[in-house]
Participant: 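Got a structure for you, written out below as structure tokens; questions coming shortly.
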Amino acid sequence: MSQRGFLLLRRGGGLWGIANAAVLGLARRGGGGFEVTVGAGALVADEILGVVEELAVRRAAPVVRRFWPEASAGVAMYEQVPLVVVDPDRPPQVLRADLPALAAIFPETADDV
């Protein structure tokens, strides 16, 4: 995988980006979806959207961090949809392979994005 760009994925009704340089592996999961390996371990994606060369990544505003307390590498927009750029050393719980997707916990969020 190229060191430039971002891998875009969906999980739990949300859109996520991971810097290509942080992606160590990518594989299909037997039960569906994909596994993305980063330094912190295995992450899960419901869908891989592809790779974009650039994103205008911005630091999350204080009001966003107030409602999204987990670490991130920033936020960006892709095709007019906001996304969270994952900090590969501290990925959010919703992406962790050992936890269920947000949509499984809160089914009403599945159609939000």
Side-chain angles (χ1 to χ4, degrees):
M1 206 175 261
S2 168
Q3 294 298 313
R4 292 192 55 172
F6 295 84
L7 177 69
L8 301 184
L9 56 100
R10 284 195 196 281
R11 173 75 170 160
L15 185 59
W16 308 86
I18 303 173
N20 280 349
V23 177
L24 304 175
L26 177 62
R28 282 194 179 273
R29 290 173 54 108
F34 298 86
E35 184 170 292
V36 180
T37 306
V38 296
L43 308 180
V44 176
D46 300 324
E47 177 184 5
I48 299 293
L49 301 177
V51 174
V52 295
E53 190 169 320
E54 292 185 28
L55 287 174
V57 179
R58 309 248 188 269
R59 183 176 173 184
V63 70
V64 172
R65 291 193 309 269
R66 182 173 163 194
F67 294 99
W68 179 257
E70 295 196 67
S72 78
V75 294
M77 296 290 287
Y78 174 72
E79 295 185 352
Q80 300 180 339
V81 177
L83 65 87
V84 175
V85 180
V86 174
D87 177 340
D89 295 322
R90 298 180 296 163
Q93 290 185 21
V94 70
L95 295 181
R96 289 184 29 203
D98 58 342
L99 296 174
L102 183 61
I105 300 168
F106 301 104
E108 66 276 8
T109 64
D111 296 326
D112 288 350
V113 176

Participant: What's the separation between atom CD in Glu54 and atom CZ in Arg4, rounded to the nearest 0.5 Å?
Facilitator: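 So the CD of Glu54 and the CZ of Arg4 are separated by 5.5 Å.
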Participant: Any heavy-atom pair between the side chains of Leu15 and Leu49 that's under 4.5 Å?
Facilitator: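 A side-chain contact exists here, since the closest heavy-atom pair is under 4.5 Å.
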Participant: Give the minimum heavy-atom separation between Ala71 and Arg90, together with the two atoms involved.
Facilitator: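 Residues Ala71 and Arg90, closest heavy atoms: CB-CZ, 3.5 Å.
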Participant: Any donor and acceptor pair, going by atom type alone, linking the side chain of Asp46 with main-chain N or O of Gly12 inside 3.5 Å?
Facilitator: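 Yes: the side chain of Asp46 pairs with the backbone of Gly12.
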Participant: Would you find a donor on one side and an acceptor on the other, under 3.5 Å apart, between the side chain of Arg29 and the backbone of Val44?
Facilitator: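 No.
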Participant: Could you report the tightest heavy-atom contact between Phe6 and Asn20, atom names first, then the distance?
Facilitator: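 For Phe6 versus Asn20, the nearest heavy atoms are C-OD1, 3.5 Å.
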Participant: Atom CZ in Arg28, atom CD1 in Ile48: separation rounded to 0.5 Å?
Facilitator: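 Spacing of CZ (Arg28) from CD1 (Ile48) equals 9.5 Å.
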Participant: Rounded to the nearest 0.5 Å, what's the gap from CG on Leu43 to CG on Leu9? Could you check?
Facilitator: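 It is 8.0 Å, given to the nearest 0.5 Å.
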Participant: Taking all non-hydrogen atoms of both residues, which atom of Val57 and which atom of Ala76 are closest, and how far apart?
Facilitator: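 Val57 and Ala76 have their closest heavy atoms at CA-CB, 4.3 Å.
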Participant: Would Thr37 and Glu35 satisfy side-chain contact (heavy atoms from CB on, under 4.5 Å), going step by step from the backbone distance to the final call?
Facilitator: CA-CA 6 Å; Thr37 306; Glu35 184 170 292; 4.3 Å; yes
Participant: Is Val75 reachable from Ile18 through a run of hydrophobic residues whose side-chain heavy atoms are each under 4.5 Å from the next?
Facilitator: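 No, Ile18 does not connect to Val75 through the hydrophobic network.
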Participant: Return yes if some donor-acceptor pair links the side-chain N/O of Trp16 with the main-chain N/O of Leu8 below 3.5 Å, else return no.
Facilitator: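 Checked: no pair found.
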Participant: Any donor and acceptor pair, going by atom type alone, linking the side chain of Asp89 with main-chain N or O of Gly39 inside 3.5 Å?
Facilitator: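 Checked: no pair found.
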Participant: Using a 3.5 Å distance criterion without hydrogens, assess whether the side chain of Glu70 forms a donor-acceptor pair with backbone atoms of Gln93.
Facilitator: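 Checking the backbone N and O of Gln93 against the side chain of Glu70, a donor-acceptor pair under 3.5 Å is found.
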Participant: Under 4.5 Å between any side-chain heavy atoms of Ser72 and Val86, yes or no?
Facilitator: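 The answer is no; the side chains never approach within 4.5 Å.
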Participant: Please find the pair of heavy atoms, one from Pro88 and one from Pro91, that lie closest to each other, and give the distance.
Facilitator: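 Taking every non-hydrogen atom into account, O-CD, 3.8 Å.
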Participant: Do Val23 and Val36 have side-chain heavy atoms sitting under 4.5 Å apart?
Facilitator: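 A side-chain contact exists here, since the closest heavy-atom pair is under 4.5 Å.
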Participant: If you measure from CG on Leu83 to CE on Met77, what distance do you get to the nearest 0.5 Å?
Facilitator: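 If we round to the nearest 0.5 Å, Leu83:CG and Met77:CE are 8.5 Å apart.
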